[in-house]
2 protein chains.
Amino acid sequence: MGRRNDHTREQLREMVLSAAELLIVREGMAGFSMRKVARAIGYTVGQLYLLFKNQDELFTVLNERTADAIYSALLDETETLNDPAEAIRAAARVYVRFAQRHPNRWQLLFEHRLPAGSEVPKANQMKVQRLFGLVQQRLQCLAPEADADTLRCEAAALWSGVHGVAVLAESNKLNWSGVTDFGALTDRLVDGFLK
Amino acid sequence: MGRRNDHTREQLREMVLSAAELLIVREGMAGFSMRKVARAIGYTVGQLYLLFKNQDELFTVLNERTADAIYSALLDETETLNDPAEAIRAAARVYVRFAQRHPNRWQLLFEHRLPAGSEVPKANQMKVQRLFGLVQQRLQCLAPEADADTLRCEAAALWSGVHGVAVLAESNKLNWSGVTDFGALTDRLVDGFLK
DNA sequence: AGGCTTAAATGAATGGTGTTTATTTAAGCC
DNA sequence: GGCTTAAATAAACACCATTCATTTAAGCCT
């Protein structure tokens, strides 16, 4: 076939993105292929390359969406909370639960590497930093006297820890100790930190 | 060519493993291929499949070695230390530094997934748990009165945190906050924990 | 020494992948 | 109805993991 004009460029991009996301959710990075995406939307592979530069760009856009999804989840569960400590605890739990419930999207976001030389776009870096900002903000409320530098360091240490628990929860590789209740584990880490 | 008998089966396996390790170190998972390994040792691809069941088995053996390497590094830097807190701090620093200095081997160990259905062999799980055991042991010295269950939980929380910092150090994806001194970050996390 | 057995090694094939490009198709306009 | 042009395709390229029939040579037996 040739020109069909069933959909606008934007619609097509959207179709590709949601088909790709579904495929990632179902089969993970290992089972993903451009051909499968094309088949899913009833177009040929070539068309995908008129909509996206390459597979990495497609992944990058998907990751932007995943970061947004985590941010929304984080916001949903914390914005009504006034107590900063409570908010941080809740945020940590949501973060870890997201990794557990959406392991394939989580892996794509944090484990997919761009080819050497090309950098993660600023927009994506921002979306990830935004998650961290949420925590930093709450931590500031908790320790208003701390200077900006030590606060950032403290927040980085805390959230790196939470990220570690998320890795543990999502991957079965780090099966150290028979711990399975990651909610409790998260609480222990956060509480230990908010001395 | 046919039968050459230049090397024993064991020698050949060893040649494959070191060539594969070199390739992983140089090019990472993305640049790895069985064909490149075969070319590097002067044999054909088919021969690799007489020595290893498939690529995943080769990776699994490599990962066993990486886990050993981390364990050795951890032991080297902690066995002479008597103070448990000091030992844990040192262990955490070594762990994070390994991730920074050997990112590709580290990624293969913690990010490579076997195809759905097949499990990580017991031997490999043990090698990873052994790392964790080292920390748990020191933590026990520090809190001898704690019961085994809470100790395990506490150790898991602490080491998950350290693992999180290692992820942060190795990947540039988690560029939250401008923190670059991961040694200091590690100390902050550990010290915060050893309240 | 010459033949036989058998393990070592190959080479080619199968079916997959990402990516590029010449070509075809049809929609909208004159 | 013909022309232009954008949309879409089909086929190609160069890889990849994996398998397997075939070839080669080493070691043994007569």
Side-chain angles (χ1 to χ4, degrees), chain A residues 1-17 19-21 23-24 26-63 104 108 111-118, chain B residues 1-17 19-21 23-24 26-63 104 108 111-118:
Chain A
M1 268 180 267
R3 179 167 192 149
R4 304 197 317 213
N5 263 4
D6 295 352
H7 312 93
T8 67
R9 239 186 108 80
E10 259 337 288
Q11 279 178 319
L12 269 177
R13 266 180 76 100
E14 191 51 46
M15 285 164 65
V16 172
L17 284 168
E21 189 161 77
L23 185 57
I24 283 286
R26 287 212 180 129
E27 309 199 24
M29 272 189 268
F32 182 94
S33 91
M34 296 295 266
R35 285 171 156 85
K36 284 186 190 172
V37 173
R39 221 173 299 143
I41 63 166
Y43 280 79
T44 51
V45 229
Q47 180 64 352
L48 297 194
Y49 289 86
L50 300 175
L51 298 165
F52 296 88
K53 188 164 156 285
N54 52 31
Q55 197 182 76
D56 282 321
E57 192 195 285
L58 176 50
F59 281 167
T60 299
V61 179
L62 284 182
N63 281 340
N104 288 339
L108 186 66
E111 296 181 6
H112 174 253
R113 260 78 177 189
L114 293 176
S118 56
Chain B
M1 271 180 267
R3 179 166 192 149
R4 303 197 316 215
N5 263 6
D6 293 355
H7 311 93
T8 68
R9 238 186 112 76
E10 259 335 290
Q11 279 179 321
L12 268 176
R13 265 179 79 98
E14 191 51 45
M15 285 165 66
V16 171
L17 284 167
E21 188 161 76
L23 185 57
I24 283 286
R26 288 212 179 129
E27 309 199 24
M29 273 188 269
F32 182 94
S33 90
M34 296 295 268
R35 283 167 154 86
K36 284 186 190 171
V37 174
R39 220 173 300 142
I41 62 166
Y43 280 79
T44 51
V45 229
Q47 180 65 350
L48 297 194
Y49 288 87
L50 300 174
L51 299 166
F52 296 89
K53 186 165 157 285
N54 52 31
Q55 198 181 78
D56 282 320
E57 192 195 285
L58 176 51
F59 282 168
T60 299
V61 179
L62 284 182
N63 281 340
N104 289 339
L108 185 66
E111 296 181 6
H112 173 254
R113 260 78 178 188
L114 293 177
S118 56

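Computation of the quantities below employed the complete heavy-atom set of this structure, encompassing side-chain atoms and omitting hydrogens, waters and symmetry-equivalent molecules. Small disclaimer: the values here were computed from a predicted structure and weren't measured. Within every chain, numbering begins at 1; the chains are lettered A, B, ... in the order of the sequence lines, protein sequences first and strands thereafter.
- Between the C1' atom of D:dT9 and the CG atom of A:Asp6 lies a distance of 14 Å, rounded to the nearest Å.
- A:His112 places its NE2 atom 11 Å from the P atom of C:dG18, with the value rounded to the nearest Å.
- The closest donor-acceptor contact from the side chain of A:Arg13 to the backbone of A:Phe52 lies at 3.5 Å or more, if one exists at all.
- Protein atom CG of A:Leu51 is 11 Å distant from nucleotide atom P of D:dT9, rounded to whole Å.
- Looking at the side chain of A:Gln55, the nearest of the listed nucleotides C:dA9, D:dT9, C:dG18 is C:dG18.
- Between B:Tyr49 and D:dT19, a side-chain N or O to OP1/OP2 separation shorter than 4.0 Å is absent.
- Looking only at side-chain heavy atoms (C-beta outward), A:Gln47 and A:Ile41 stay at 4.5 Å or farther from each other.
- Counting non-hydrogen atoms under 4.0 angstrom, A:Leu58 reaches nothing in the nucleic acid.
- The listed nucleotides are D:dT9, D:dA8, C:dT10; the one nearest the side chain of B:Thr44 is C:dT10.
- One can place NE2 of B:His7 at 16 Å from C1' of D:dA26, the figure rounded to the nearest angstrom.
- Looking only at side-chain heavy atoms (C-beta outward), B:Val16 and B:Tyr43 stay at 4.5 Å or farther from each other.
- In a base pair of the Watson-Crick type (N1 to N3 plus N6-O4 or O6-N4) or a G-U wobble (N1-O2 and O6-N3), with each distance short of 3.5 Å, C:dA12 is matched with D:dT19.
- Not one N or O on the side chain of B:Asn104 forms a donor-acceptor pair closer than 3.5 Å with the backbone of B:Arg26.
- A donor and an acceptor atom sit less than 3.5 Å apart, one in the side chain of A:Arg35 and one in the base of C:dG18.
- Taking 4.5 Å as the limit, some side-chain heavy atom of B:Val37 sits within range of a side-chain heavy atom of B:Phe32.
- The side chain of A:Val45 lies closest to C:dT19, out of D:dC16, C:dA9, C:dT19.
- Counting non-hydrogen atoms under 4.0 angstrom, A:Leu12 reaches the backbone sugars and phosphates but no base.
- Per the geometry, CD belonging to B:Glu27 stands 14 Å off C1' belonging to D:dC15, to the nearest Å.
- Rounding to the nearest 0.5 Å places CG of A:Leu12 at 10.0 Å from CG of A:Leu50.
- Minimum atom distance to the side chain of A:Met34 is reached by C:dT19, of the listed C:dT19, D:dA10, C:dA9.
- The distance between atom OH of A:Tyr43 and atom C1' of D:dA10, rounded to the nearest whole Å, is 16 Å.
- Nucleotide D:dT30 is matched to C:dA1 when pairs are restricted to Watson-Crick or G-U wobble geometry with both distances under 3.5 angstrom.
- No donor-acceptor contact under 3.5 Å links the side chain of B:Arg9 to the base of C:dA8.
- Regarding B:Met29, its CE atom lies at a distance of 14 Å from the P atom of D:dA17, rounded to whole Å.
- For B:Asn54, whose side chain is taken as the heavy atoms from C-beta onward, the closest listed nucleotide among D:dT18, C:dT17, C:dA9 is D:dT18.
- An OP1 or OP2 oxygen of D:dC16 is reached within less than 4.0 angstrom by a side-chain nitrogen or oxygen of B:Ser33.
- Between A:Gln47 and A:Lys36, the residue whose closest nucleotide on DNA chain C is further toward the 5' end is A:Lys36.
- Regarding B:Phe59, its CZ atom lies at a distance of 8 Å from the P atom of D:dA17, rounded to whole Å.
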